[in-house]
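This report concerns only the one structure given below.
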Amino acid sequence: MRLRAMAKINLGLDVIRKREDGYHEVRMIMQTVRMYDTLEIRKKQAPGISLRSNLPYVPSDERNLVYKAAKILMDEFHVEEGLSMKLTKSIPVAAGMAGGSSDAAAAFVGVNRLFRLGLSQEELMKRAIQVGADVPYCVMRGTALAEGIGEKLTPLPPMPECCVLIGKPGINVSTKTAYENLRLDTIQKRPDIDGMIEAIRNQDLRSITEKMENVFEPGIMEKYPVIGEIERFMEERGALKAMMSGSGPTVFGIFEDREKMFAASEALKKSGLAKTVFATRIYNRSE
């Protein structure tokens with residue numbers, strides 16, 4: 001069985017407060033895009049889980065979220081057969097695009113199907129939170145409001161059709177670093193989440209992009225000015241809005257015009273600002 005583990009972008013990312021348990025309460029609008037890793041899974045006679053990847057530095061044991069997700073289901077349902085998995089990474093690592101979370105989501109879906117465990121999507125999502133806050137969303141996909149620590153999900157109407165240009169500079173930023181650089185009392189710009197939801201309902205792409213913000217961006221951009229350079233580069237070439245996704249450092253630009261996006265993509269590759277450049281479009285659940 002071969003599954004696509006799709007990347008996500010944050011159309012809006014707000015951090016409301018730090019909770020007493022140390023977690024941060026967030027309010028985000030998540031969107032799946034057509035950039036994906038591939039997870040191939042098959043049964044094997046020998047018991048246990050084997051995992052390999054196209055990237056030598058990706059762990060092949062329980063440190064990998066794919067392995068962890070598969071083991072959760074196999075242990076719960078006492079699966080005695082073995083499982084062989086091959087992960088082919090295309091989504092950049094530590095990029096703010098939920099690559100690892102999406103890989104784990106694919107493992108939950110795949111193991112459920114392969115061994116006919118009979119779990120519904122909702123039941124998979126309940127188990128997915130054990131692996132990470134973004135994993136339930138990655139099981140669900142599409143356009144969604146995420147609240148709490150990211151696990152409280154409300155499906156939204158589909159995002160208006162548009163093109164998305166991805167540009168990741170040659171740096172990595174961990175979520176831990178993003179929070180360390182965030183000062184809740186000094187946030188000046190926040191996304192208009194409620195306004196974005198209304199604009200999504202009205203299928204008004206320009207209004208959506210006008211309300212987009214990411215509260216992590218100023219702190220990360222101060223440390224890595226190239227993020228702002230990529231954003232300006234995209235907007236000068238026709239993006240309605242360019243913004244950092246998640247904890248960064250990946251930048252995405254929203255385009256109405258496909259030809260402008262492809263022209264911007266070629267120019268960005270030549271500029272040397274981004275190490276990874278990918279031209280794609282959004283993915284909606286109805287697809």
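Just so it is clear, the model here is predicted, and its values are computed rather than measured.
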May I ask you to say whether [X] pairs ionically with [Y], meaning some side-chain N is under 4.0 Å from a carboxylate O?
X	Y	value
Glu76	Arg127	yes
Glu213	Arg190	no
Lys211	Asp204	no

Scan [range] for pairs that pass ring-ring contact (aromatic ring centres under 6.0 Å, His included), counting only residues two or more places apart or in two chains.
range	answer
residues 115-171	none
residues 156-184	His24-Tyr179, Tyr179-Phe216
residues 55-90	none
residues 139-162	none

Main-chain N/O of Val215 paired with Asp14 side-chain donor or acceptor, under 3.5 Å: no
Sub-4.5 Å side-chain heavy-atom contact between Arg27 and Asp194: yes
Under 3.5 Å, which donor-acceptor pairs link side chains of residues 86-98 to any protein atom two or more places apart or in another chain?
from: Lys89; atom 1: NZ; to: Asp37; atom 2: OD2; distance (Å): 2.6
from: Lys89; atom 1: NZ; to: Asp103; atom 2: OD2; distance (Å): 2.9

Candidate list Gln121, Lys126, Glu123, Glu122, test side-chain contact (heavy atoms from CB on, under 4.5 Å), partner Val139, passing option: Gln121
Separation of Leu240 CG from Cys162 SG (nearest 0.5 Å): 8.5 Å
Where Ile208 and Pro160 come nearest, the two heavy atoms and their spacing: CD1-CD, 3.6 Å
Ile129: hydrophobic cluster co-members (side-chain, 4.5 Å): none
